[in-house]
Amino acid sequence: MSKSTREYIINSQNKPFMTYLVDDEFAGFIVLNLTSEDCAEIYVMGIKKKYQRNGIGTKLVKAYEAKSKQLGCTYSQVKTVKFGCYQEYDLTNRFYQHLGYKKLECFPTLWDKWNPCQIYIKYIGK
C-alpha cells in the first residue's frame with residue numbers, strides 16, 4: 001500500500017463517508033472533508049474498475065453535494081492532477097468538468113513537480 005493511500009485511509013476515518021453497492025458488492029465510495037464553513041471538498045473518491053463509466057461516480061458526487069448542502073456548504077472543491085499529465089487523470093478532469101466543476105487554480109508543486117494539483121470548484125447552492 002502506498003504512503004498516500006495510507007494517509008487517505010487514516011485521514012478519512014472521522015469524515016462523512018458514503019458508499020455505493022451493486023448487488024451487495026462494494027462498488028465505490030466518496031469522502032467529504034469540510035475545508036471551511038462554506039466549502040466542502042471531495043477528499044477522496046474511488047470506483048472499482050469493473051463499475052466505472054456506469055454512473056456510480058455521478059451518483060456518489062450528487063450524494064456528497066446533498067450532504068455538503070445539509071452541512072451548510074455553498075461551494076464544493078476537488079483536487080486532482082492537472083489535465084495533460086496522465087491519461088487516467090485526464091478522464092478524472094473531464095468527469096468533474098462534466099458535473100459542472102470549474103478550474104480555480106493550479107498549484108504546480110503542492111504535491112510534487114510530477115503531479116501538479118488542479119483545484120476545481122462548484123457552487124452547489126444554499
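Keep in mind that what you see is a predicted model, and the values were worked out from it rather than measured.
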#### Entry: Check against ring-ring contact (aromatic ring centres under 6.0 Å, His included), Tyr8 and Tyr43
CA-CA 8 Å; Tyr8 278 122; Tyr43 181 67; 5.2 Å; yes
Report yes if some heavy atom in the side chain of [X] is under 4.5 Å from a heavy atom in the side chain of [Y]; otherwise report no.
X     : Y      : result
Cys85 : Pro116 : yes
Met45 : Phe95  : yes
Asn11 : Asn33  : no
Phe26 : Leu21  : yes

Heavy-atom closest pair, residues [X] and [Y]:
X      : Y      : result
Lys82  : Gln118 : CA-CB, 3.8 Å
Leu71  : Pro16  : CD1-CG, 4.5 Å
Gly100 : Lys122 : O-CG, 3.9 Å
Ile119 : Phe107 : CD1-CE1, 3.4 Å
Lys50  : Asn54  : O-ND2, 3.9 Å
Ile56  : Ala27  : CD1-CB, 4.0 Å

With a cut-off of 6.0 Å (strictly less than), are more than 12 heavy atoms of other residues, nucleotides or ligands near [atom1] of [X]?
X      : atom1 : value
Lys15  : NZ    : yes
Asp112 : CG    : yes
Glu25  : CD    : yes
Lys103 : NZ    : no

Distance from [X] atom [atom1] to [Y] atom [atom2], nearest 0.5 Å?
X      : Y      : atom1 : atom2 : value
Ile47  : Arg53  : CD1   : CZ    : 12.5 Å
Tyr123 : Lys102 : OH    : NZ    : 15.0 Å
Arg6   : Met1   : CZ    : CE    : 7.0 Å
Thr80  : Tyr86  : OG1   : OH    : 11.5 Å
Lys69  : Glu65  : NZ    : CD    : 8.5 Å

Return yes if some donor-acceptor pair links the side-chain N/O of [X] with the main-chain N/O of [Y] below 3.5 Å, else return no.
X      : Y      : value
Asn115 : Trp111 : no
Thr109 : Lys113 : no
Asp90  : Gly84  : yes
Asn93  : Val81  : yes
Tyr64  : Met18  : no

- Run the side chain to side chain contact (heavy atoms under 4.5 Å, CB included) check on Arg94 and Phe83 step by step: do they pass? CA-CA 9 Å; Arg94 286 187 191 101; Phe83 190 87; 3.4 Å; yes
From the list Ser68, Cys73, Ser76, side chain to side chain contact (heavy atoms under 4.5 Å, CB included) with Leu32 holds only for Ser68
ILVMFWY cluster, [X] and [Y] together (side-chain gap under 4.5 Å):
X      : Y      : answer
Leu110 : Trp114 : yes
Tyr96  : Ile30  : yes
Leu99  : Tyr51  : yes
Val61  : Val78  : yes
Ile121 : Leu34  : no

Note to self: I'd like to know whether Glu105 forms a salt bridge (Lys or Arg N to Asp or Glu O under 4.0 Å) with Lys79, so could you lay out the CA-CA distance, the side-chain angles of the two residues, the decisive distance to 0.1 Å, and finally the verdict.
What the structure shows: CA-CA 10 Å; Glu105 189 169 359; Lys79 296 178 184 89; over 6 Å; no
Whether Phe29 and Phe17 hold their rings parallel, tilted or perpendicular, with breakpoints at 30° and 60°
parallel
- Have Tyr120 and Gln97 got a donor and an acceptor in their side chains that come within less than 3.5 Å? yes
